[in-house]
Amino acid sequence: MDSYSAWVFLWILWVAAMNVGDSFFTIVHLQSGGVEVNPVAAAMLKTGRFGFVFLKALVISAALLVLTVHKNFSLARIGLWVSTVAYTALVIYHLTLF
């Protein structure tokens, strides 16, 4: 049986929180006249705010689940690090837009 440390749990929780932050700030910026440049996110936005947040959370949660289950493989660990850095940087970028 595979075991998961508290660090892995906190790591996944951090990425999930940054995803929620990204969703929130995306909606705030769009309401202020911003434009979504990511074509996948733009397509999800066509489902409405709730649909956007739900779909984005679903997709990222599925990806995090796959990466967590495969955490012992170097490619999965790289994926976790890349997603951590990317989402953290994205939320920081959103904050600079205020």
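None of these values were measured; they are calculated from a predicted model.
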I12-L90 co-clustered via ILVMFWY side chain contacts under 4.5 Å: yes

pair D22-T26: side-chain heavy atoms closer than 4.5 Å: yes

Sequence neighbours excluded and cut-off under 3.5 Å, please list the side-chain donor-acceptor pairs for residues 37-51, or say none.
residue: N38; atom: OD1; partner: V40; partner atom: N; Å: 2.9
residue: N38; atom: OD1; partner: A41; partner atom: N; Å: 3.4
residue: T47; atom: OG1; partner: M44; partner atom: O; Å: 2.6
residue: T47; atom: OG1; partner: F52; partner atom: N; Å: 3.2

Apart from V35 itself, residues in the same hydrophobic cluster as defined by side-chain heavy atoms under 4.5 Å: none

Value rounded to 0.5 Å, distance of CG in N19 from OG in S83: 10.0 Å

Salt bridge (charged side-chain N to carboxylate O under 4.0 Å, His left out) partners of residues 70-91, not counting sequence neighbours, each pair once: D2-K71

Side chains of L80 and L64 in contact at under 4.5 Å (non-hydrogen atoms): yes

By ring-ring contact (aromatic ring centres under 6.0 Å, His included) - contacts of F25 (at least two apart): H94, F98

Heavy-atom pair with the smallest gap, counting every atom of S23 and V53: CB-CG2, 4.2 Å

ILVMFWY cluster, V15 and L58 together (side-chain gap under 4.5 Å): no

Hydrophobic cluster identity match, L65 and V8, side-chain contacts under 4.5 Å: yes

Crowding at CG, L75 (>12 non-hydrogen neighbours, <6.0 Å): no

Remaining members of hydrophobic cluster (4.5 Å side-chain criterion), I78: V82

Heavy-atom side-chain proximity of Y87 to V91 below 4.5 angstrom: no

Counterpart residues, side chain to side chain contact (heavy atoms under 4.5 Å, CB included), relative to T88 (two or more places apart): W14, M18, T84, I92

hydrophobic_cluster_shared for V20 and L55, side chain cutoff 4.5 Å: no

Heavy atoms of other groups near Y4 OH, more than 12 under 6.0 Å: yes

